[in-house]
Structures are given as structure tokens and as C-alpha cells.
Amino acid sequence: MTRRAARGAAAILALAVAGSSATSVRAADADLEKRVDAIVADLGEPDASIRARGAKALKQLGPAAVPLLIDRIPDDVSSKRFQGVVDGIGGLDADGAVAAIETCRSEWRAKGWRRAATEKPAPKEKDPEPGRGRGRPRDTAPPDAPRGQRWIDAVLDRLRTHRADSVRRTVTLEPGALWDASFIPPWIEQLLASPVKKLPESLVGESIAVRESAMKLEIDTGKDGKFAAAVGIDFGRVIDVGPKKTPRKVLVFQRLGRWIAAPATTLSGEVDGVAVEFLDADQDGAFDGEKDLVRFAGGAFRHVGEEPTAWTEQGLVSWKLIRFTTRDEGKDTVIWTLQVETEPEPSWRTPEQAAEMKSLNTWRQAAGLPPQRIDRMWSEACGLHHAYWVANGFSGHDEYKGKPAITPRGAEAGKRSSVGTSPDGARFARDIFWTILHRGSCLGTPEGGVGAFPGPVGSLLWGPPIDASQRGFPLLIPGPGQTGVPVKCEPEIPVPDPDPKYYDTPRGTPICITWTRAGDRFADLKDLSVELFRATPKAVDPADEGESVPTAAGPVPISGTLWCKEHRYKEDFASGFPEDSAIFCASSPLDADTAYVVRFRATGKEGPVEFAWQFRTE
């Protein structure tokens with residue numbers, strides 16, 4: 001036999017062996033699926049002995065059967081089969097099952113997991129054409145059931161009961177008040193009508209007169225005409241109001257020359273070294289309503305109805321607010337506790353991906369957004385695009401036909417992700433937080449998770465679409481009250497069409513307002529305006545032992561550029577955000593350790609829109 005013939009025979013033998021091996025693997029998989037189907041059938045039988053047989057057979061299969069079992073969980077959450085299958089999964093590997101489900105959120109809708117328990121699976125929808133650096137919102141997608149009413153929520157809740165007790169801890173929360181007006185988000189504040197005569201009765205629950213005097217507002221808290229309480233123009237004051245049976249706290253303060261009142265009744269505590277504060281925004285005496293707010297680690301407030309996760313020293317945690325009443329000597333006392341559970345992390349996540357997610361979630365929490373979960377399929381697709389870079393060199397968002405390592409999934413990830421040449425995923429994420437375009441990948445709803453992949457050639461971050469429908473108000477970045485905000489905008493590619501040399505001059509950190517699906521009040525906004533002010537300056541009064549006192553100068557306006565649909569960053573690329581966005585950059589870097597106030601104005605189909613909020617630089 002010639003050497004060439006020998007090589008040919010060896011190749012044929014190798015293919016035969018490989019084919020035989022693949023056939024064996026397929027046969028083994030088919031056998032496993034049959035065994036799992038039989039076990040699932042046994043677990044749903046009314047006969048206890050048959051269910052016990054199924055449970056015993058399930059334990060013999062071990063954790064390898066968990067993925068198949070998850071796909072076979074029945075739709076009827078009240079059935080014995082549902083309970084038996086989920087409990088069987090929990091007995092095999094509760095942590096692994098929770099991690100597997102929570103890190104495949106991009107697949108939930110395709111699997112029908114986001115529907116209500118009584119509904120049929122949603123039809124598989126065609127994915128819209130991706131936009132650069134983001135996924136476009138799916139306008140035709142069927143609405144999801146509210147959290148707590150979805151089939152997948154019932155699955156996860158039951159699985160979590162099988163996790164070790166050590167993953168949970170409970171913190172008792174203490175009542176208090178919010179004194180810092182900078183954290184008040186504009187959607188819960190109420191402007192005092194001019195001329196100012198009384199506080200809003202809908203907020204304080206009674207008629208309380210006020211009067212303006214030189215640089216302060218006096219309040220008749222005793223309702224005796226003495227106006228004993230006073231609020232200065234540079235600080236807020238919490239007052240106790242309302243009937244004795246339903247007392248409430250209200251914060252009164254001034255911003256941009258307008259007197260404002262807002263709810264201030266809070267609960268606070270500490271979880272894993274991180275401060276937590278709940279705000280009774282609807283003033284009903286509870287803290288778990290749709291309008292109530294929560295913030296962690298000193299960040300901005302967000303709605304409690306958003307994804308119930310937080311980022312602590314333990315990493316990603318889920319939380320649940322619990323209320324119970326104790327009775328002592330005929331008196332009822334309401335006690336609020338926060339139950340926190342460390343989230344299991346997937347075994348496939350690398351330390352580099354963990355660092356990228358930590359950077360992302362620390363920032364999101366500071367900005368008043370729920371932390372994200374890493375998504376397996378999206379991260380795998382990002383890894384494929386990185387493999388293309390390894391084979392061909394860094395190519396940004398694109399993959400080109402005829403090049404090695406090109407794949408449909410990798411190409412999609414490249415177009416949907418924010419990308420950069422830094423191999424440090426954590427650093428890459430920190431950089432795009434303060435860009436004009438690429439920040440969009442960091443702002444999406446937590447329902448979908450994110451794809452993250454840092455590698456030697458560069459890093460990717462694939463975020464879900466931006467959607468403000470759940471809060472019913474625009475996303476504001478920096479968040480209301482956010483501190484440690486950088487003073488400069490990070491330059492990026494592409495540069496704006498109107499000014500190709502835009503980044504030759506250092507700019508102030510970008511301020512973003514995005515109202516995608518925020519409601520009819522924000523539909524069809526036009527005549528957009530974003531103003532930035534340095535907070536009221538202060539002077540030192542030597543007679544007051546060096547303490548600062550407010551001056552009458554007022555806020556200082558800051559010049560800059562507004563990017564929006566009326567003044568596009570790029571004609572063929574919109575702004576990197578949905579059309580319903582406005583992004584303002586100061587003409588020069590902001591001052592360090594300084595408070596700034598943003599005012600947004602526009603005209604919508606329901607009339608004028610105006611609101612303001614505050615943040616502080618690092």
C-alpha cells in the first residue's frame with residue numbers, strides 16, 4: 001500500500017470511528033430522554049407508590065437529567081406532575097437548575113416561559129433586524145404576564161425552596177425619613193402652586209398653610225397661624241403631617257427657584273455591607289406597592305415592582321419585602337423585614353465575565369436600575385464574534401463573507417453588542433457607561449439578561465432593548481441623586497456627523513433622557529430642551545464662624561450640545577439610542593465634587609412636559 005493509500009485508509013477509518021461514536025452518543029441521548037419521559041409520567045400519577053418509583057429512578061439519573069426535566073415541566077402549576085417534576089429537579093440540583101433558568105432569559109419567550117400560567121405559549125416571532133450596538137424593541141411582541149403570575153415564577157419559587165438555608169438571610173428594617181432632596185426622583189415630587197399658600201393636600205392629607213419670605217418658606221405645622229417651621233432655599237426639611245392614625249412624613253425643598261414637596265417616609269437597613277432604603281411613595285403606610293421605591297448602596301431610587309435583585313458584597317442577590325404584625329398589651333406593631341437570597345451563578349461563567357458583570361451591575365445600581373443577569377446564549381454568541389476577531393483581527397461590529405470563523409450567531413452578536421479593543425471587560429464596561437452611543441447597551445430591561453465576553457482581542461456587551469414602560473417615566477442617567485459621576489465624556493467611534501472633531505475637545509459627561517414606551521404623556525415629544533446648571537453657589541459669612549450661607553445668585557447654566565432626533569448625532573445611525581431620547585454633553589468637563597441640576601422640557605401630544613433632577617460628580 002502506498003503512503004497516500006495508507007493515509008486515505010486511516011482517514012476512512014477515523015470517519016467510521018467518529019460516525020460510530022456519534023451514533024452511540026445519539027442512541028444514549030435518546031435512551032436518556034425515554035427514561036426521563038417515563039419518570040415524568042410516573043411523577044404525575046395519583047398512586048403514591050408509582051410516584052415514589054419515579055422519584056427513586058430520578059435520583060439514579062442524577063443532575064445530568066436536569067436540562068431535560070426543565071423542558072418537561074407541565075404547564076398546570078397546580079398538578080401533581082408539576083409539583084413532582086419541580087421537586088425532583090430541586091432534589092437533584094436546585095442551584096444548578098435556578099442558574100440554568102435565570103441565565104437563559106433570552107430564550108424565555110421562545111419557550112413560552114413568560115406567559116401567564118393559564119395561557120398557551122406565545123407564537124415564535126421573527127426577530128427584527130438588529131440595530132448597531134443594540135437590539136431594537138420588539139413592538140409586535142405579545143405582552144407578558146406580570147411578575148408573580150407567570151408560569152416560570154411558579155417554577156423558580158418552588159425550586160428555591162430546595163436551596164440550602166445558608167443562602168438566605170433576613171434583615172429587620174427601621175422606620176425613618178428621607179432628608180436628602182437630591183434623591184427625590186421627579187416622578188413623585190409635587191410643585192407648590194404659585195403664589196405659594198399651602199402644601200398639596202393630596203400629599204400631606206390635610207390643609208397646611210405656608211408663606212414665602214426672604215430666601216425661605218415658612219410652614220404652619222401646628223395649624224395655629226405661627227408658621228414655626230422654615231425651609232431654606234439650599235436645604236430640605238422633613239415635616240410630620242396627616243392624621244394621628246395615619247401619620248406621614250413629607251420633604252419640602254426648593255429646586256431651580258420652585259418649591260417642591262415629596263413623600264419622605266422610609267424604611268432602612270443594611271444587607272451584606274450595603275445600605276438599603278425603601279420609600280413609601282404612595283403614602284399608604286406600606287412599602288411594597290407598585291409606586292413605592294427602593295435604592296441600594298446609596299444609589300438612585302427605582303420602583304420595587306422592577307426586577308427584585310440587588311448587588312452586594314455577595315454578588316447578585318434576590319430580595320423579598322415581608323410585612324408582619326405583632327401585638328403587645330393590646331397594641332399592634334407593624335414590622336418590616338427584607339429576606340435576601342444569594343443568586344447561584346452558572347458554572348460556565350469565567351472570572352473575566354464575572355468582573356465585567358460586577359462592573360455593569362455596580363453602575364446600574366448607582367444609576368437606579370436593577371442589576372442584570374448574564375445570559376448564556378448571548379454570551380456564547382459574543383464569544384463567537386470574539387473568535388472571528390482572533391482569526392481576522394479586530395473588526396468592530398462587522399463580520400465579512402469569505403473570512404475564517406464567520407458565523408451567523410457571531411455576526412448577530414457583533415451588530416447588537418457594544419464592542420471595544422480592551423481585553424479587560426470590567427474596564428471596558430466602565431468606559432462605555434459614560435459614552436453617548438455605547439451606553440445604550442447598559443440601560444436595557446433586566447428581563448432579558450446580557451451577553452458578556454471579554455477576551456485577548458477585545459470585549460463585548462450585548463444588552464437588551466431599553467423600555468421605560470414599567471416605571472411610566474423616562475430613564476434618567478445619571479440617576480437622581482447619583483454620586484461619583486465622572487466629569488468627562490468618553491470619546492468613541494463613530495464621531496458625530498455635524499462635528500467630526502467633536503472629541504478633539506474634552507466634553508462633560510453625557511446626560512441621557514430616554515422615554516421609550518414611557519406612556520402617552522411622553523408620546524411624540526418635540527421641541528426638546530435639556531439644560532444643565534451648577535447648583536446654587538454659596539458664600540462664606542465670617543460672622544457665622546466660617547459656615548457657608550446661600551447667595552442670591554441662583555443656579556449657573558452650563559453650555560453644551562443636545563443630541564436628539566431633531567439634532568442627530570449621525571443621520572444613518574440615529575443616536576445609538578431609540579428615537580425617543582435626548583442626550584446632552586457640556587462643552588467642557590464638569591467640575592469635580594459638584595452638584596448639578598438637569599432640567600428637561602418638551603411638548604407632547606398631551607401638552608408641555610417639564611421635570612428636573614440632581615446628581616453629583618466625583
Side-chain angles (χ1 to χ4, degrees), residues 181-197 199-200 202-203 210 212 217 231 233-234 236 250-263 281 291 293 300-303 367-368 466 468-469 471-482 508 510-536 554-567 575 577-586 595-615:
S182 65
F183 287 103
I184 295 293
W187 61 83
I188 67 167
E189 61 188 31
Q190 293 193 29
L191 296 176
L192 274 61
S194 182
V196 181
K197 294 184 177 181
L199 298 178
S202 61
L203 187 65
V210 298
E212 288 185 275
L217 184 73
V231 182
I233 64 171
D234 66 334
V250 171
L251 176 63
V252 183
F253 60 99
Q254 189 184 94
R255 180 186 290 143
L256 297 180
R258 298 291 302 273
W259 291 107
I260 300 170
K291 296 182 180 180
L293 308 176
F301 278 108
R302 67 178 192 255
H303 285 90
I466 300 171
S469 59
R471 63 174 58 192
F473 198 86
L475 301 182
L476 308 177
I477 305 295
Q482 185 172 354
I511 296 159
C512 171
I513 303 98
T514 300
W515 53 94
T516 305
R517 299 177 178 173
D520 290 342
R521 179 189 173 196
F522 303 98
D524 303 325
L525 293 185
K526 60 182 181 180
D527 303 325
L528 307 176
S529 168
V530 178
E531 300 168 278
L532 180 65
F533 302 89
R534 188 183 297 110
T536 306
V556 179
I558 307 296
S559 64
T561 307
L562 174 62
W563 302 110
C564 60
K565 62 183 179 182
E566 297 168 350
H567 184 228
S575 64
F577 280 74
E579 287 284 289
D580 38 13
S581 301
I583 303 167
F584 178 87
C585 272
Y596 286 87
V597 179
V598 186
R599 180 165 60 195
F600 175 77
R601 290 171 170 169
T603 302
K605 65 180 183 180
E606 293 187 354
V609 172
E610 178 179 338
F611 56 82
W613 80 97
Q614 183 175 322
F615 67 89

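Quick note: numbers below take in every heavy atom, side chains included, and nothing from hydrogens, waters or symmetry partners.
When all heavy atoms are compared, the tightest approach of Ala261 to Val250 is CB-CG1, 4.0 Å. A pairwise comparison of heavy atoms in Arg258 and Leu192 identifies NH2-O, 4.1 Å as the closest pair. The heavy-atom pair separating Ser529 from Glu531 by the smallest distance is OG-CG, 4.0 Å. Of all heavy-atom pairs spanning Pro263 and Ala281, the tightest one is CG-O, 3.3 Å. What you find for Ile184 and Ala262 is that their closest heavy atoms are CG2-CB, 3.7 Å. In terms of heavy-atom proximity, Gln190 sits nearest to Pro200 at OE1-CB, 3.2 Å.
Atoms CG and CH2, from Leu191 and Trp259 in turn, are 13.0 Å apart once rounded to the nearest 0.5 Å. Going from atom CD1 of Ile511 over to atom CG of Leu476 covers 10.5 Å, rounded to the nearest 0.5 Å. Distance check: Leu251 CG to Ile260 CD1 gives 9.5 Å after rounding to the nearest 0.5 Å. In this structure, the separation between CZ on Phe600 and CG on Leu562 is 8.5 Å, given to the nearest 0.5 Å. Once rounded to the nearest 0.5 Å, the distance linking CG of Asp580 with OG1 of Thr516 reads 3.5 Å. Separation of atoms SG (Cys564) and CZ (Phe584) is listed at 12.0 Å; rounding is to 0.5 Å.
Using modelled atom types, one side-chain atom of Glu566 and one backbone atom of Asp527 make a donor-acceptor pair closer than 3.5 Å.
Note on ring orientation: taking the six-membered ring where Trp is involved, the planes of Trp187 and Phe473 are tilted (angle from 30° to 60°).
Between Phe522 and Trp515, the gap from one ring centroid to the other reaches at least 6.0 Å.
For the pair Thr561 and His567, the minimum side-chain heavy-atom distance is below 4.5 Å. Tyr596 places a side-chain heavy atom less than 4.5 Å from the side chain of Arg534. Annotation: side chain of Arg302 is not in contact with side chain of Leu293 (no heavy-atom distance under 4.5 Å). No side-chain heavy atom of Ile466 sits under 4.5 Å from any side-chain heavy atom of Ser581.
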Which pairs would a plain distance check flag for residues 604-613, meaning a side-chain donor or acceptor within less than 3.5 Å of a matching protein atom at least two apart in sequence or in another chain?
residue	atom	partner	partner atom	Å
Trp613	NE1	Pro478	O	2.8

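When the shell of 6.0 Å around NZ of Lys565 is examined, it contains more than 12 heavy atoms from other residues, nucleotides or ligands.
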